[in-house]
Structure formats: C-alpha cells, structure tokens
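Quick caveat: nothing in here was measured; it's all calculated off a predicted structure.
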Amino acid sequence: LIGMEALLRWKDEELGYVPPNEFIPIAERMGIMYSMGEWIIRQAFLQIKEWNTTYNSNLVMGINISPSQLEEEYFTDTFFGIMEGLEIDPKWIDIELTEKIALNGIVNSSDSITRLKRRGVRITVDDFGTGYETFANMINFSFNRVKIAKELVDNIIDNQNAKVIVQAIVNMVDGMNLDMIAEGVEEKEQLDILLEMGCKEVQGFYFGKPIPATAFEEFWLR
C-alpha cells in the first residue's frame, strides 16, 4: 500500500447516490466549487495526518483539483495556509489534474503548479493517454507522475493496439524519469500485463472498490 485517493460521494435521501460527474458541474455553475474544494482539501489533509501519525507511515493522499480551483487567484495561498495550519508534510500530498487540464499551455506554466512543486507537493496527470495532443505537449512536461487512463487498461487484454499504446507510455514515462501508475485494474491478467511492461504502481477494483475512511482503515491499516 502506497496511498489512497480522496473521492467525493453524495448520498441524498430523495435522489439516492448522486455521482460526481453530475453534482460537480452543478457546483461549478453555482459558484461554490472553490469553497467545496477547500473543504475537501481540509478533510483529506486531516485524514492523511491522522493515518500517518497513528500508524507511523508516509502514505500519500491523492486529491483531485478542478480547473476552477486552479484559476482562483489565492488558491495556492489557501492551500499552503491549510497545510501549514494542520502541520501536513508536503510529501503526503499528491495533486491530481486531468490530462486535458494539465497538458494545456496555461496550466502547464502556471504559478500555481510551480509553487506547489517547489513546496514538495507531488503533481499527477490523471487519465493519461486519452488526449490526442498528449505526446506533443510532453515536450514541456513539468509534472511528477502520470496515471495511465482506465480506458486503455480496460483493453490491454484483448486489444493489441491498446497494449502497444500502454507499452509506449510506460517506456516514454520511464525514459523521462517520471513516476507512473495505472488506474482501473480489475483483473489479475491486466495486473500481470502491466507488471511485465514495467508499470510498478496500480490502482483499481482488483484490490478494492471505493469505501468510507473507517472501512479503509479497518481493512488496510489495522
């Protein structure tokens, strides 16, 4: 176990479980995404500090950051303020940005990313390998890790093209001395193929589905 990813879920008495791809866009249109994102960051910080302190570990908490958060003028100031106030070690935190956002010229050269990296926070490009401009934009790549997209991992067993693409990503990322992790691993055969390719970190339902923090602690840490 090297870490976990903070996931947001909404359970409503009338609507039942509402997935993030439904309520996040609404939150952004309502203008409350920044305050909601700040709450998520604080909760994730508190949780990783509790676990790493209790179990004498250095696990990493992945936190997804939206474009609207990065565009806020005082995002990094707020982020560092919470981090310092809660005495969070930067190496415990991994900020995840979607490939579409992370690899465009604006975010790639933004002060926010630069400041986060300088303070020791790791930056990961999520859903890597799905954008048609991915490889061209990697000329100026300035992130720590890529997360190979589930869409590619889904097809590496039966689709030779998907397997070739994933192998190319693994070779390229390794050659650039970056870390990598494959997401969406649900079958042992997928895991075996990825390990044979040289991908040393994976996440997915093969190891466990998203669960509440209390259940995670009981199953993985105690």
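Under 4.0 Å is where a charged nitrogen must lie from a carboxylate oxygen, and between Asp179 and Arg145 no such pair does.
The side chain to side chain donor-acceptor pair (under 3.5 Å) search around Glu22 returns none, not counting sequence neighbours. Residues meeting the side chain to side chain contact (heavy atoms under 4.5 Å, CB included) test with Ile157, sequence neighbours left out: Glu187, Glu189, Gln190, Ile193.
Residue pairs satisfying the salt bridge (charged side-chain N to carboxylate O under 4.0 Å, His left out) criterion with at least one member in residues 151-164, sequence neighbours excluded, are listed as follows: Lys150-Asp154. The ring pair (Phe, Tyr, Trp, His ring centres under 6.0 Å) pairs that include a residue from residues 26-55 are Phe45-Phe79, Trp51-Phe216, where partners are two or more places apart or lie in different chains. Listed by first and then second residue, the salt bridge (charged side-chain N to carboxylate O under 4.0 Å, His left out) pairs involving residues 42-61 are Lys49-Glu87 (not counting sequence neighbours). Applying the ring pair (Phe, Tyr, Trp, His ring centres under 6.0 Å) test to pairs two or more places apart or on separate chains, none has a residue in residues 179-211.
Under a cutoff of 6.0 Å and an axis angle of 45°, Arg115 and Phe80 do not form a cation-pi pair.
Transitive grouping of hydrophobic side chains (ILVMFWY, heavy atoms separated by less than 4.5 Å) brings Met180 and Val125 into a common cluster. Phe23 and Leu15 fall within the same hydrophobic cluster, where Ile, Leu, Val, Met, Phe, Trp and Tyr residues are linked whenever their side-chain heavy atoms come under 4.5 Å apart, directly or through other members. Neither Met172 nor Val164 shares a network with the other; the hydrophobic side chains, linked directly or stepwise wherever heavy atoms of I, L, V, M, F, W or Y lie under 4.5 Å apart, form separate groups for each. Taking hydrophobic clusters as Ile, Leu, Val, Met, Phe, Trp and Tyr residues chained together by side-chain heavy-atom distances below 4.5 Å, Leu46 shares a cluster with Ile211. Taking hydrophobic clusters as Ile, Leu, Val, Met, Phe, Trp and Tyr residues chained together by side-chain heavy-atom distances below 4.5 Å, Ile40 shares a cluster with Val18.
Distance check, rounded to the nearest 0.5 Å: CD1 of Ile88 to CD1 of Ile82 gives 10.0 Å. Residue Ile48 holds its CD1 atom at 4.0 Å from CE of Met4, rounded to the nearest 0.5 Å. To the nearest 0.5 Å, atom CD of residue Gln47 and atom CG of residue Leu59 are 11.0 Å apart. Expressed to the nearest 0.5 Å, how far CG of Leu97 lies from CD1 of Ile63 amounts to 11.5 Å. With rounding to the nearest 0.5 angstrom, the CE atom of Met30 is 8.5 Å from the CD1 atom of Ile26. In this structure, the separation between OG on Ser57 and CD1 on Ile2 is 13.0 Å, given to the nearest 0.5 Å.
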Steps toward side-chain contact (heavy atoms from CB on, under 4.5 Å) verdict (Glu217, Arg222)
CA-CA 6 Å; Glu217 180 175 359; Arg222 288 184 178 173; 3.8 Å; yes

Give the intermediate values and the outcome of side-chain contact (heavy atoms from CB on, under 4.5 Å) for residues Leu195 and Val202.
CA-CA 9 Å; Leu195 292 175; Val202 299; 5.5 Å; no

Check step by step if side-chain contact (heavy atoms from CB on, under 4.5 Å) holds for Ile148 and Val173.
CA-CA 10 Å; Ile148 301 172; Val173 171; over 6 Å; no

Assess whether side-chain contact (heavy atoms from CB on, under 4.5 Å) is satisfied between Glu183 and Asp127, documenting all intermediate values.
CA-CA 8 Å; Glu183 63 180 340; Asp127 299 324; 2.9 Å; yes

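Two residues are said to be in side-chain contact when any heavy atoms from C-beta on lie closer than 4.5 Å; Val185 and Val153 meet this criterion. Met83 places a side-chain heavy atom less than 4.5 Å from the side chain of Val121. In this structure the side chain of Ile113 never reaches within 4.5 angstrom of the side chain of Ile95, judged on heavy atoms. Two residues are said to be in side-chain contact when any heavy atoms from C-beta on lie closer than 4.5 Å; Gln167 and Ile156 fail this criterion. Annotation: side chain of Ile41 is not in contact with side chain of Ile93 (no heavy-atom distance under 4.5 Å). Using a 4.5 Å heavy-atom cutoff, the side chains of Glu5 and Lys147 are in contact. At a threshold of 4.5 Å between non-hydrogen side-chain atoms, the residues Ile24 and Leu8 count as touching. Taking 4.5 Å as the limit, some side-chain heavy atom of Thr76 sits within range of a side-chain heavy atom of Leu116.
The two residues Ser66 and Glu28 come nearest to each other via the heavy atoms CB-OE2, 3.7 Å. Minimum heavy-atom separation, Ala27 to Met36: CB-CE, 3.7 Å. Heavy atoms only, all atoms of each residue included: Ile32 and Ser35 are closest at O-OG, 3.0 Å. Taking all atoms of both residues into account, the shortest heavy-atom contact from Pro210 to Arg9 is CG-NH2, 4.2 Å. Heavy-atom minimum distance, Asn144 versus Ile123: OD1-N, 2.7 Å. Across all non-hydrogen atoms, the minimal contact from Pro20 to Pro25 is O-CD, 3.6 Å.
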